[in-house]
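Presented below is the structure to which this report refers.
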Amino acid sequence: MAGEWRSTIGEFLQSTRGRTTTVLVLLGVQAGLIAYSATRHSPTHLEPALLAAGVSHWETGRFELYRVNPPLVRMVAALPAVISGCKTDWTRYRDAPGSRSEFEVGEDFVKANASAAMRLFINARWACIPFAWIGSYFAYRWSREMYGPFAGLLTLWLWVFEPNLLAHAELITSDSACASLGVACGYWFYRWLQEPNWKHAGFAGVFLGLAQLSKLSWLFLFGLWPVLWFIWRCSACNSRTSLSQSTSTRPPALQLALILATALYVINLGYAFDGTGTKLKDFEFVSSLLNGKPVAGRPGNRFRESIAGEVRVPVPKQYLLGFDSQKKDFEVYHPASYLHGTWKHGGWWYYYLYGMLVKVPCGTLVLLAWCGCCHFIPRINQHREQWSPDYLIWAPAICLLLIVSSQTEFNHHLRYAFPALGLMFVWLGQLAPTVREPGEAIPKMDAPHKKNLTPRNRVRILATIALAFFSAVSACSAYPHHLAYFNELSGGGISGSKHITHSSLDWGQDSVLLHEWFASHIAQHPDSDLVICAAPWWDATATTGAMLKAWSHDYETLIRFSSRENPLKHTHTRSTVFAVSVNRLLIQPDSLAERFPVESCECIGAIGYTTLLYRISDRPQFEFPVHISAGGVEQ
């Protein structure tokens, strides 16, 4: 009976109808997970600035706000807000060399929309769900066409339930879209190499341009793709593919030029050709790389007196200035970085590798190690001369990891490396059709079914399914708190602050849950005189206060004291609770942890994995100079 059941499932998944149904179900599950978690979390630190910048692009036709990243994702996110007629305030909009006024404009945007602000953010997040679908679908297609139908389903399963991709897919930041569009353009490049024609070249160029419009992370593909094309022409690496070999496997250079030119055109189109063709000498740069000055931040131009200054730049003005501003931030913004209990100025070359080790589900990590052993060791042992087409997947992933790891000025955001993780899921698909013996070629899916089901292969197939299922269960166990997800190897989300912080743990996403806890406590204890002293990880901003005021029905009770008062004066009330971010309790110079005597307080609970709730147990005499102003922290 069990054998017949497994055979029925296998036949269903091998059929076109069965695969289509499975894909649609998984995409529906993915959308549901993203849509619900988007309603449960407050705007993160960057989202007000991103949404306000997106609205400004539509309303003003200008692209100065948030130019450190291209505008595609925030423009899509801002569409519902623009259509609904959101309120705006451009009073603090400024455009000076290197200026970053989007954060002030974001605060004003939240204030202007008051109680409607949260709905605007939810709608903006929902508008970005198609980016997640793009990544899932093209990862599925790429893996299916390289390794077989079951491979595509394994890749899709891992992508849909990957907690880090889910965490950023619910936000209007560009990291999820960057991963998705990177896989999509990689797929069409692969298709063009397999079947070189003008259609595939056109699609590869369009999606390469869209990937560039999502984030600057994929800029290196303009240099890498010609190298991969040259390697492809010099090797017979497509012998394992199931695609038709009737056409030439040597794509012409003219089609490669079309791909790069199309991508460049799409980039310019995304900026409405704003400033395209400006002479290089007419720019004001602020990074030391481009301004020709020993100190970053001062406007200048090292090309102004050279022949290169006469060159007309083929990209939009704000695209180049965004790269310049991003580079300047890395040159001058050197706050302390944290990794596994250590603070220091500067970063670690292995920061992203360590972060992946503690943030990626254990089942996925085992699959990656397993796939690497099965894939690389046989080729080393047998001294194979032919390259595998798999390098089209892992070469961009490795390049991206090397680039982000080389930026050791500071390490705060593991999300910079997540696009590489998306590519790795495509590569993992090769474990699905069958788990081959070392050195074996992957059999095609149209081979006789029983031929592949040796006892060893049965065990390995079951192990693959079990590991993929374990990854999904691990991710779902932390739902909807995926931004603060940590795997079992690291101790789970509650131990996340032992490893890495900032946007990988508390990015301000649980403020709305804190308010709900507050409202529930008031409802259950109407006679209590409750004071909440919130201490989130970021510095005080009007954005936080405006959002709290919009959510809270009793804002004055939630934040009772003035900006000059010490919150300990309220410990005579029946219930005084300090809500403190785990990031703020990490020992560092001048940190809250040095002044907040946890041993004198009673921990009564937690909000998600980011905020601990403490009640003063005995009115100790100590100095606590952190006060609350409009929901943020000031010192």
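All values below come from the heavy atoms of this structure, side chains included, with hydrogens, waters and symmetry mates left out. Everything quoted here is computed from the prediction, not taken from an experiment.
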Checklist entry - Can you tell me if Ser214 and Ser174 form a side-chain donor-acceptor pair at under 3.5 Å? => result no
Item to check | ring-ring contact (aromatic ring centres under 6.0 Å, His included) between Phe285 and Phe323, intermediate numbers included | outcome: CA-CA 10 Å; Phe285 297 119; Phe323 172 83; 9.2 Å; no
Checklist outcome for this item: With Leu400 as partner, the option from Trp218, Tyr416, Tyr352 fulfilling side chain to side chain contact (heavy atoms under 4.5 Å, CB included) is Trp218
Checklist entry - Is it true that Glu145 and Arg141 have a side-chain N and a carboxylate O under 4.0 angstrom from each other? => result yes
Checklist entry - Centres of the Phe207 and Phe138 rings: under 6.0 Å? => result yes
Item to check | Worked check of side chain to side chain contact (heavy atoms under 4.5 Å, CB included) between Trp58 and Leu79 | outcome: CA-CA 8 Å; Trp58 288 110; Leu79 266 176; 3.7 Å; yes
Item to check | Sub-6.0 Å ring centroid separation between His481 and His41 | outcome: yes
Next on the checklist: Looking only at the aromatic ring of each residue, does the gap between the centers of Tyr354 and Trp348 stay below 6.0 angstrom?
Outcome noted: no
Next on the checklist: If the condition is salt bridge (charged side-chain N to carboxylate O under 4.0 Å, His left out), which residues does Glu170 pass it with, not counting sequence neighbours?
Outcome noted: none
Checklist entry - Has Phe220 got more than 12 heavy atoms of other residues, nucleotides or ligands less than 6.0 Å from its CZ? => result yes
Checklist entry - What residues form a side chain to side chain contact (heavy atoms under 4.5 Å, CB included) with Leu489, not counting sequence neighbours? => result Leu357, Cys362, Asn487
Item to check | Those residues that, when tested against Tyr93, pass side-chain hydrogen bond (donor to acceptor under 3.5 Å, both in side chains) (two or more places apart) | outcome: Glu64
Checklist entry - Are the aromatic ring centres of Tyr137 and Tyr187 under 6.0 angstrom apart? => result no
Checklist entry - Taking only residues two or more places apart in sequence or in another chain, which ones pass salt bridge (charged side-chain N to carboxylate O under 4.0 Å, His left out) with Asp510? => result none
Checklist entry - Which pairs pass salt bridge (Lys or Arg N to Asp or Glu O under 4.0 Å) with one or both residues in residues 26-40, sequence neighbours excluded? => result Arg40-Glu516
Next on the checklist: Tell me which pairs pass salt bridge (Lys or Arg N to Asp or Glu O under 4.0 Å) where either residue lies in residues 117-133, with sequence neighbours left out.
Outcome noted: Glu47-Arg125
Checklist entry - Any Lys/Arg nitrogen of Arg67 or Asp324 sitting under 4.0 Å from an Asp/Glu carboxylate oxygen of the other? => result no
Item to check | Any donor-acceptor N/O pair, Thr155 side chain to Gly152 backbone, under 3.5 Å | outcome: no
Checklist entry - Can Asp274 and Arg62 be counted as an ion pair, charged N to O under 4.0 angstrom? => result no
